[in-house]
Amino acid sequence: MTTFLWFISFVLHGISLFLIILLSLKWVKIKETEKEQAELIREMEAMMTTYLMQFKEENERFVKQITSSTVRQPSRSLRKEQMSPPVEHVVDRIELSSTTPKEEQSLEWLVSEALKLQQQGKTIDEIAKMLKRGKTEMELLLKFHQK
């Protein structure tokens, strides 16, 4: 009888050891997935920060350009203000249209050219200059079309 109890004990210990090993393997996989997700989040935040910084710089340049042009030509801007309708009467109109086949072909061409240049070993700056696009635009385009 005691041998039977010893045998059952060994079997139960073996099963529990097997389950503990399986549980630890799953735990390791979950930790790896968490690390990958954290890395992706950091990468996306860095990309968005870069994009927003470039957007801010472009806006600042635009504001400087506008202010310098209004300083140079104050009388002209005053005439425009007098002739323009009051702000209450201005209506914003946005035309929504689907992309035309020409635009789709242009986008496909842009993606294929960017990927081709990247395979040739060109940097994102070089690709942006060659295709006459923004650095961030090329970075995002390549990032989304790599996988």
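Rounded to the nearest 0.5 angstrom, E58 CD and K56 NZ are separated by 13.5 Å. Once rounded to the nearest 0.5 Å, the distance linking CG of L12 with CG of L17 reads 12.5 Å. A distance of 6.0 Å separates OG1 in T50 from CD in E139, rounded to the nearest 0.5 Å. Atom CG of residue L23 and atom OG of residue S16 lie 12.0 Å apart, to the nearest 0.5 angstrom. Distance check: I124 CD1 to L141 CG gives 10.0 Å after rounding to the nearest 0.5 Å. In this structure, CD1 on I15 lies 14.0 Å from CZ on F10, to the nearest 0.5 angstrom.
The main-chain N or O of E45 is found under 3.5 Å from a side-chain atom of T49 such that the two form a donor-acceptor pair. No donor-acceptor pair under 3.5 Å is formed between the side chain of E113 and the backbone N or O of L110.
For the side chain to side chain contact (heavy atoms under 4.5 Å, CB included) test with R133, the passing option among M130, K135, E137 is E137; the others fail.
Using a 4.5 Å heavy-atom threshold, the side chains of L142 and V111 count as separate.
In terms of heavy atoms, E39 sits closest to R42 at OE1-NH1, 2.8 Å.
Ion pairing of K35 with E32 is absent here, as no side-chain N (NZ or NE/NH1/NH2) approaches a carboxylate O to less than 4.0 Å.
With hydrophobic clusters built from ILVMFWY side chains whose heavy atoms lie under 4.5 angstrom apart, V11 shares a cluster with L19.
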Before you tell me yes or no, could you show the steps for W109 and L131 under side-chain contact (heavy atoms from CB on, under 4.5 Å), namely the whole-Å CA-CA distance, both residues' side-chain angles and the distance that decides it to 0.1 Å? CA-CA 11 Å; W109 175 83; L131 297 177; 4.1 Å; yes
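More than 12 heavy atoms of other residues, nucleotides or ligands sit less than 6.0 Å from atom CE of M47.
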